[in-house]
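Every number for a ligand or one of its atoms is a count from 1 in the order of the listing. Atoms considered below: every heavy atom in the structure, side chains included; atoms not considered: hydrogens, waters and symmetry mates.
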Amino acid sequence: MTPTPRPPAAALSTTLVHPAGPAGPWWRDAVIYQVYPRSFADGDGDGVGDLPGITARLDHLADLGVDAVWLSPFYRSPQRDAGYDVADYRDVDPLFGTLADADALLDRAHALGLRVVVDLVPNHTSADHPWFRGALAAAPDSVERGRYLFRDGRGPGGSEPPNNWTSVFGGPAWTRVTEPDGTPGQWYLHLFDSSQPDLDWSNPEVRDELEDVLRFWLDRGVDGFRVDVAHGMVKAPGLPDWDGTTAMIDGGHDGTLGSEDGATGAGSAGPMWDQEPLHDIYRSWNRVLGQYEGDRALVAEAWVEPMERLARYVRPGEMQQAFNFAFLTTLWAAPDLRAVVTASLRANDEVGATTTWVLSNHDVVRHTSRLGLAVPGSRPNGIGATDPQPDEALGLRRGRAATLLMLGLPGSAYVYQGEELGLPEHTTLADDERQDPAWWRSGHTERGRDGCRVPLPWSADAPAYGFSPTGATWLSQPASYARYAADRQRGVPGSTLELYRTALRVRREQALGTGSLAWADGLTTSTGAPAGDVLAFVNRDVLVVAVVGASEAVLPPGAAVLVASGPLGATGDGRVVVPADTTVWALLTD
Ligand code: NOJ
């Protein structure tokens, strides 16, 4: 371990939070790029992205400089929740290709030096899974029903749901079945859509089956798994009523609350979340991964707080990483960001885990758009044409600053497809195009996640901006995507694509991912006043200065700019000024 980072220019005082570490397994400092298969690249022209389309574009990711790819689900599925409803865990949906296509993707990625993480959806299956079909055809108390959470209803004739839980997507979390003899029967639990019945993880058969699924994909060469709803598989005994919300991806604060303690607003305290027996499952999975060569990783999608509670998923012998949604959900405010970064590093260091950072994914409004809202960083569940619209230019400026801040932090970072192009959310998608079950399950009060899932623009002048050879797209793309197309940005100095490429290269050269974090205080404005709205830290030999808001900060003498998220200013005596909503990395040379 390198005990202390280089002291910055004399005028700054530093507070060490996290020391640099030695190089470790790849996932400790990896930048992992999330591919959402339906929207990345369409090889066959049906308007939906597919595995051959991804394979053909992997060069873009190698050129970008990321270390790994995480693929959202591509398994056999009726696609009621865009593939997070799996009907066969061991096969590829024909929409996306074949198992041979998956093998070809893995081979090509590995040849390019990219690791591959696949999604695992263990909380629920699709209602089309043979197990669930068998359960519907079987009697109450049968082996088949025992794989899921079937219960008798309450009230006269069992006509009321077994408890008062609601679905994360809105509406009740229970659906009543019609028994094979035609009578109204039991109810089954679904924390998400009714097409996603929850498995009963107290059943050893369920555990054995999913471990076998892990082995199936490990045998094919995957480097890890992103575990969907990793905090939800086990429910409290007796399934007690719960008067709180069943919030997760749509449960964020509305921008009126700060999150100085790293709170996501996820409300993870309910009896459906974060139950102790989960950890035994992850210890067992860790042993399965350990039976394979190389370093394989488990990544928890766990909306759990506070941070110390989340860190329990990445204790030795459990998972390797957990998504840091507290960072994603923090408002664009320097004290809030500083608090969440400190809390994240401290909690993970306590258990010897790496800290992750993420700003965008397929479940949230893209960060360039969130940061252009009236309350920057607030998190509506989707934006529609009649909602207040983000300021696109301001959002992009802040989005680039937020990214450079994120990539300067020690740990592992996630990049969601299209953010390297600075893509905004599609905020005017026609409501009749929406496919997210959250839109209709919420009674059309939550627009949902389609706006961040729009197919990528590759070439400004091609049909569907190069997404598909026929011009077909499963969701329509806004006209603005032409300006963001990859071919308009590649090789163009100052473009967002080139900013990401440069940042990823410098991050690697300076070993920032395994680096340190010491807060640096004492920066001033060009008039010599203390700089407000500033987040400044030293990571190894690099000073990262993020002006989070309308202020400015002057770089200390001897700090040589490596990367900047936007244009910089200068003082009369030639010192560098970092303006509002801008981040800079500068090498400390004295
Ligand atoms: C979290 C996934 O990221 C989201 O897209 C999905 O709808 C739910 N889990 C249910 O699987």
Side-chain angles (χ1 to χ4, degrees), residues 32 34-40 70-87 89 93 117-129 132 148-149 165-171 173 189-199 201 210 213 225-233 235 246-252 264 266 268 272-274 278 298-304 313 321-325 328-329 356 358-366 379 381-382 414 416-417 434-442 446-454 475:
I32 303 175
Q34 181 188 357
V35 167
Y36 194 64
R38 1 175 88 235
S39 301
F40 188 71
W70 151 36
L71 298 165
S72 279
F74 49 79
Y75 314 110
R76 243 179 220 278
S77 160
Q79 305 290 324
R80 296 286 180 78
D81 184 22
Y84 283 96
D85 49 325
V86 179
Y89 291 92
D93 196 278
V117 172
V118 295
D119 225 302
L120 184 78
V121 189
N123 177 68
H124 44 267
T125 69
S126 159
D128 285 5
H129 191 286
F132 193 71
Y148 294 89
L149 290 161
W165 296 2
T166 54
S167 151
V168 172
F169 292 156
L189 180 72
H190 50 88
L191 290 184
F192 296 89
D193 187 47
S194 55
S195 63
Q196 296 165 293
D198 281 42
L199 289 162
W201 273 86
L210 267 292
V213 170
F225 300 89
R226 175 269 190 190
V227 180
D228 191 63
V229 202
H231 61 316
M233 287 134 67
K235 282 77 181 172
T246 317
M248 203 176 87
I249 45 188
D250 61 347
T264 62
S268 55
M272 64 292 287
W273 304 130
D274 196 26
L278 285 166
L298 295 165
V299 186
E301 188 228 11
W303 292 75
V304 167
Y313 289 73
Q321 290 190 343
F323 284 102
N324 188 344
F325 295 123
L328 183 153
T329 56
T356 70
V358 60
L359 289 164
S360 283
N361 66 28
H362 65 294
D363 287 331
V364 297
V365 170
R366 284 183 176 277
R379 194 162 55 95
N381 185 14
Y414 281 80
Y416 176 50
Q417 66 177 36
R434 295 188 186 280
Q435 303 201 16
D436 184 353
W439 170 233
W440 61 267
R441 286 194 67 91
S442 67
E446 309 252 333
R447 284 216 155 71
R449 303 161 292 171
D450 295 305
C452 65
R453 300 175 173 181
V454 172
L475 287 175

Undergrad: Arg449 heavy atoms, cut-off 4.0 Å: which ligand 1 atoms fall inside?
TA: 4 (C), 5 (O), 6 (C), 7 (O)
Undergrad: Any atoms of ligand 1 less than 4.0 Å from a non-hydrogen atom of Val229? List them with their elements.
TA: 9 (N)
Undergrad: Which of parallel (below 30°), tilted (30 to 60°) and perpendicular (above 60°) describes Tyr414 and Phe323?
TA: tilted
Undergrad: Please name the pair of heavy atoms, one in Gln435 and one in Arg38, separated by the smallest distance, quoted to 0.1 Å.
TA: OE1-NH1, 4.5 Å
Undergrad: Classify the side-chain pair Ser77/Asp85 by whether it contains a donor and acceptor separated by less than 3.5 Å.
TA: yes
Undergrad: Do Asp274 and Tyr313 have side-chain atoms, one donor and one acceptor, less than 3.5 Å apart?
TA: yes
Undergrad: Mark up the atoms of ligand 1 that fall under 4.0 Å of a heavy atom belonging to Glu301, in ascending order.
TA: 1 (C), 3 (O)
Undergrad: Below a 4.0 angstrom heavy-atom separation, can you tell me which part of Arg453, side chain or backbone, both or neither, approaches ligand 1?
TA: side chain
Undergrad: Hey, which atoms in ligand 1 end up nearer than 4.0 Å to a heavy atom of His124?
TA: 10 (C), 11 (O)
Undergrad: Does ligand 1 have a heavy atom under 4.0 Å from the side chain of Arg226, from its backbone, from both, or from neither?
TA: side chain
Undergrad: What part of Tyr36, side chain from CB on, backbone N/CA/C/O, both or neither, has a heavy atom under 4.0 Å from ligand 1?
TA: neither
Undergrad: Do His362 and Tyr84 have ring centres separated by under 6.0 Å?
TA: yes
Undergrad: Which heavy-atom pair separates Pro122 from Met233 by the least distance, and what is that distance?
TA: CG-SD, 3.6 Å
